[in-house]
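All of these numbers come straight from a predicted model, not from anything done at the bench.
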Amino acid sequence: MRTRNVIPGVVFSVILSLSTTFAQNKVDLSNPINAARLKTDKDTTWRKIEFGANLNQGAFSSNWTGGGVSSVALGVFFNALNETKKGKDSWRNDFQSQYGIVRNKGQESRKNADRIFFDTKYNRELSAKWSFFANVNFLSQFAAGYEYSASTDSVAFRKKVSGLLSPAYLTEAIGIEYRPAPYFFVDLAPGALRQTIVIDRDLYINTPDQKNYGVPIGKRVRTEAALIQLVANFEKDVAKGMNLKFRYLLFSTFRDPLEIDNRLDAQLTAKINKYVNVNLGAILVYDKDQSSKIQFAQALSIGFLFAF
């Protein structure tokens with residue numbers, strides 16, 4: 001009996017994605033996100049670049065009676081966003097990347113975060129809250145991912161289950177955008193196309209549950225047409241020095257409309273001072289081509305953030 005999609009509705013928390021395409025050439029300067037970056041309400045172009053690093057370390061002496069394993073973890077991220085509006089036309093480019101590794105005593109290094117995200121979108125304003133849009137979206141990862149055996153002396157101690165462009169997702173969509181507020185929009189795109197890419201043709205050997213991420217064995221690409229694709233994007237300062245953002249994706253195909261793919265990327269960021277902040281991020285995924293169950297990933301970190 002197949003598991004149906006059940007990812008709870010749309011409002012969680014953040015991992016780097018900004019959104020603000022402005023209606024009628026006006027910018028909501030009451031929103032701290034905009035006010036901090038725009039000099040006047042006539043400005044219609046702004047950009048932001050973020051770079052950050054997080055380091056976590058723990059050590060125990062050999063006679064530490066409380067138990068524990070010495071470890072060190074390092075994570076870095078780079079994000080860039082550019083938005084331009086001229087008359088009724090606007091263009092938004094959003095790039096996000098993250099990579100992290102952790103090493104426990106007695107084990108080799110393993111990654112604990114890995115993401116490449118790029119979204120480019122054109123909007124043509126229809127009214128104050130509605131617009132036509134066309135966009136291209138790309139999602140993948142930097143490095144190979146492995147599944148580890150609990151037994152270190154096993155021949156199959158680690159198995160490669162993913163890698164750069166294995167898988168990757170490329171989506172082209174045309175539809176209608178509803179933006180009731182500068183910090184929130186919903187994109188509805190019937191007939192969107194998605195290509196699932198698996199460059200490594202031998203990956204299926206180690207991923208019997210994922211069935212090669214839905215790509216036919218011996219092939220590198222599978223194309224699906226959506227009955228409907230829905231994207232909801234939110235970013236707002238919910239309190240002083242605290243920012244919440246999420247991106248929710250729903251994708252239903254013509255071929256199997258009841259098996260709906262869901263993905264929620266969310267992050268809550270709290271500033272300690274100009275360069276130090278705390279991040280709580282979470283990802284929920286339901287995709288039958290990856291797993292028959294809902295997948296969940298969560299990370300809490302403190303580190304440096306440089307924005308310019």
Side-chain angles (χ1 to χ4, degrees), residues 7-23 27-38 46-54 75-83 90 92-100 113-121 123 133 135 137-139 177-187 230-250 262-272 274-285 296-308:
I7 289 185
V10 182
V11 180
F12 204 76
S13 25
V14 191
I15 253 184
L16 308 140
S17 166
L18 293 151
S19 60
T20 7
T21 306
F22 313 115
V27 176
D28 179 14
L29 295 178
S30 65
N31 180 3
I33 296 175
N34 298 338
R37 298 173 179 81
L38 299 172
W46 66 274
R47 60 184 60 84
K48 182 183 179 185
I49 296 177
E50 292 180 327
F51 172 77
N54 304 304
V76 295
F77 65 85
F78 175 80
N79 303 314
L81 177 73
N82 183 83
E83 294 189 354
S90 60
R92 179 177 187 270
N93 292 294
D94 185 8
F95 175 79
Q96 302 172 33
S97 60
Q98 179 186 26
Y99 188 76
D114 192 359
R115 183 173 183 253
I116 303 172
F117 172 90
F118 176 69
D119 188 271
T120 182
K121 182 167 68 170
N123 284 72
F133 81 88
N135 90 308
N137 179 276
F138 175 80
L139 178 66
E177 176 178 292
Y178 173 61
R179 185 184 288 268
Y183 51 83
F184 177 70
F185 66 80
V186 177
D187 289 343
L230 182 146
V231 173
N233 199 97
F234 175 94
E235 182 188 1
K236 184 174 173 56
D237 286 355
V238 293
K240 185 177 180 180
M242 186 173 293
N243 178 262
L244 169 67
K245 58 185 173 184
F246 70 76
R247 182 178 188 272
Y248 170 71
L249 167 69
L250 178 152
N262 297 265
R263 181 182 175 106
L264 176 65
D265 293 85
Q267 184 169 312
L268 182 67
T269 302
K271 273 193 172 184
I272 297 177
K274 185 176 180 179
Y275 296 112
V276 180
N277 61 20
V278 177
N279 295 285
L280 173 62
I283 302 175
L284 278 80
V285 177
F296 175 73
Q298 178 269 325
L300 175 65
S301 63
I302 181 171
F304 297 97
L305 171 67
F306 302 92
F308 51 93

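From Phe133, atom CZ reaches atom OH of Tyr178 across 16.0 Å, with rounding to the nearest 0.5 Å. Annotation: the span from Asn262 atom CG to Tyr248 atom OH amounts to 3.5 Å, rounded to 0.5 Å. Between Arg115 atom CZ and Ile283 atom CD1 the span is 6.0 Å, to the nearest 0.5 Å. In this structure, OG1 on Thr269 lies 4.0 Å from CG on Asn279, to the nearest 0.5 angstrom. Between Phe51 atom CZ and Leu305 atom CG the span is 10.0 Å, to the nearest 0.5 Å. Here the straight-line distance linking atom CD of Glu235 with atom CG of Asn243 works out to 4.5 Å at 0.5 Å rounding.
In terms of the side chain to side chain contact (heavy atoms under 4.5 Å, CB included) criterion, residue partners of Val276 (sequence neighbours excluded) are, by chain and number, Ile272, Asn273, Ile302, Phe304. Under the rule for a ring pair (Phe, Tyr, Trp, His ring centres under 6.0 Å), the partners of Phe306 that lie at least two apart in sequence or sit in another chain are Tyr275. In this structure Asp119 satisfies the side chain to side chain donor-acceptor pair (under 3.5 Å) test together with Asn135, Asn137, sequence neighbours excluded. With sequence neighbours left out, Ala80 forms a side chain to side chain contact (heavy atoms under 4.5 Å, CB included) with Ile49, Phe78. By the ring pair (Phe, Tyr, Trp, His ring centres under 6.0 Å) test, Phe118 pairs with no residue at all, sequence neighbours left out.
In plain terms, the two heavy atoms of Asn79 and Ser97 that are nearest each other are OD1-N, 3.5 Å. Contact detail for Phe296 and Ala282: the closest heavy-atom pair is CE1-CB, 4.1 Å. Among all heavy-atom pairs drawn from Val76 and Ala53, the shortest one is CG1-CB, 4.2 Å. For the pair Asn54 and Gly303, the tightest heavy-atom approach, listed with the atom from each and the gap, is OD1-CA, 3.1 Å. Closest approach of Lys271 and Asn277 over heavy atoms only: CA-CB, 4.0 Å. Closest non-hydrogen pair, Phe95 versus Ile116, comes out as CE1-CG2, 4.1 Å.
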Candidate pair Lys121 and Asp187, rule side chain to side chain contact (heavy atoms under 4.5 Å, CB included), full reasoning: CA-CA 11 Å; Lys121 182 167 68 170; Asp187 289 343; 2.9 Å; yes
Worked check of side chain to side chain contact (heavy atoms under 4.5 Å, CB included) between Asp94 and Phe117: CA-CA 8 Å; Asp94 185 8; Phe117 172 90; 3.9 Å; yes
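By the 4.5 Å heavy-atom criterion applied to side chains, Leu139 and Arg263 are counted as neighbours.
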